[in-house]
Amino acid sequence: MVERCEETDDMAFRSDLKYSDVTPKADYLNRRQIMAAAGGAALGAIAGPALAASPYDTDLAPNTLEDITSYNNFYEFGTSKSDPARYAGALTTDPWSVRIDGLVERPGTYDLADLLKGMDIEERIYRFRCVEAWSMVVPWNGFQLSQLLEKVGVQSGAKYVYFETLVRPEEMPGQKRRLLDWPYREGLRLDEAMNPLTLIATGLYGEVLPNQNGAPLRLVVPWKYGFKSIKSIVRISLTDKQPPTTWNMQNPREYGFYSNVNPQVDHPRWSQATERRIGGGLFSRRQETLMFNGYGEWVADLYKGMDLAKYF
Ligand SMILES: Nc1nc2c(c(=O)[nH]1)N[C@H]1C(S)=C(S)[C@@H](COP(=O)(O)O)O[C@H]1N2
Ligand SMILES: [Mo]
């Protein structure tokens, strides 16, 4: 993201594309029905059962597991789209704990299992739009961030939620270089964090989340550019001030705190009006980018009265 729009990488990437990678929607629905029939019994506790369709689901066909797990941004493992798939397998995700602190009633370092206890894991099929102007459709499994925040108790003075990714250069080769100012950091306004669309993902396609996608816990904020969806979270902090965020720190002119998907506000170095759907095939047309990535019905009110060109 620092150097250039990934569109310039297109031809290199396209040569890897297999047409057979595209899973027809019908097959996927089938799989869903099979899982429903099994009552989720075959699934692990982390991935959880994926039964009812959520009202937030897109009708678009999900990308294949192959697309979703082989074309990634996760700079802790390197800057190339194939680095996470190559190197993230070596990351130890068990044991895992998350420090929850700041303006919360029950701060502490929570073991992953304790944190997940009682969380309602659902399937959510979301559009995913990277700031680099490519997109995918991902069938996540996860729970609403609001449920976790309710579990730990938000103090009345809290206005923002801040997140950090693990720092472990022995297992994250990208962290041996100063590609970014580690740890990777992200943040949301509290009302954005409490929105029912905002998810903590623990799985994909009904399986445990692959490491390259941010195991064991990653944020998913579908109306914002992908970089807000911070991976492999080890700290969640409630604050009264807007927290520092990695890409905004890196280049505040190019990456704002809000980073809502907005086809009318271009990145200084490329247009945000259209996007390339990964897995669409060599000759597929670019798609129009939708305001709030198509989730305006549920989130536009959060920004009423704000100048979205200024608060980009
Ligand atoms: N810790 C961390 N989280 C991260 C990133 C990263 O480099 N490090 N990349 C972000 C970007 S730019 C995108 S587009 C998404 C990619 O998610 P995916 O690989 O699951 O598609 O993860 C986001 N979360
Ligand atoms: Mo991204």
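Since we're looking at a predicted model, the values are computed, not measured. When a ligand or atom number is given, it counts from 1 through the structure's own listing order. These numbers come from the heavy atoms of this one structure, side chains and all, not from hydrogens, waters or symmetry mates.
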Engineer: Of K231, R129, Q212, which has the heavy atom at the shortest distance from atom 19 (O) of ligand 1?
Structural biologist: K231
Engineer: Hey, would you say the F292 and Y303 ring centroids sit under 6.0 Å apart?
Structural biologist: yes
Engineer: So which bit of Y225 gets within less than 4.0 Å of ligand 1, heavy atoms only: side chain, backbone, both or neither?
Structural biologist: neither
Engineer: Take S135 and R277 through the test side-chain hydrogen bond (donor to acceptor under 3.5 Å, both in side chains) and record every step on the way to the result.
Structural biologist: CA-CA 5 Å; S135 64; R277 180 71 43 77; 3.0 Å; yes
Engineer: Looking only at side chains, do S237 and T239 share a donor and an acceptor under 3.5 Å apart?
Structural biologist: no
Engineer: When you look at K81 and N72, which way does the side-chain hydrogen bond (donor to acceptor under 3.5 Å, both in side chains) test go after all the steps?
Structural biologist: CA-CA 5 Å; K81 294 288 183 282; N72 301 99; over 6 Å; no
Engineer: Quick check on contacts: which atoms of ligand 1 are under 4.0 angstrom from a heavy atom of N213?
Structural biologist: 18 (P), 20 (O)
Engineer: Applying a 4.0 Å heavy-atom criterion (strictly less than), which segment of R218 is in contact with ligand 1: side chain, backbone, both, or neither?
Structural biologist: side chain
Engineer: Do the numbers put K228 on top of the ring of F257, so that NZ or CZ is under 6.0 Å from the six-membered ring centre and no more than 45° off the axis?
Structural biologist: yes
Engineer: Quick check, are the ring centers of W134 and Y71 under 6.0 angstrom apart?
Structural biologist: yes
Engineer: Checking contacts here: is it the side chain or the backbone of T165 that comes within 4.0 Å of ligand 1, counting heavy atoms only? Could be both or neither.
Structural biologist: side chain
Engineer: Within less than 4.0 angstrom of ligand 1, does S232 place any heavy atom?
Structural biologist: no
Engineer: Can you tell which of F77, W247, W134, Y184 gets a heavy atom nearest to atom 4 (C) of ligand 1?
Structural biologist: Y184
Engineer: List every atom of ligand 1 that sits less than 4.0 Å from any heavy atom of C130, numbering the atoms from 1 in the order shown and giving each element.
Structural biologist: 14 (S)
Engineer: Run the ring-centre check on Y295 versus W223 and record whether the distance is less than 6.0 Å.
Structural biologist: no
Engineer: Could you tell me whether ligand 1 has any atom less than 4.0 Å away from a heavy atom of E132?
Structural biologist: no
Engineer: Heavy atom under 4.0 Å from ligand 1: found in E76's side chain, backbone, both, or neither?
Structural biologist: side chain
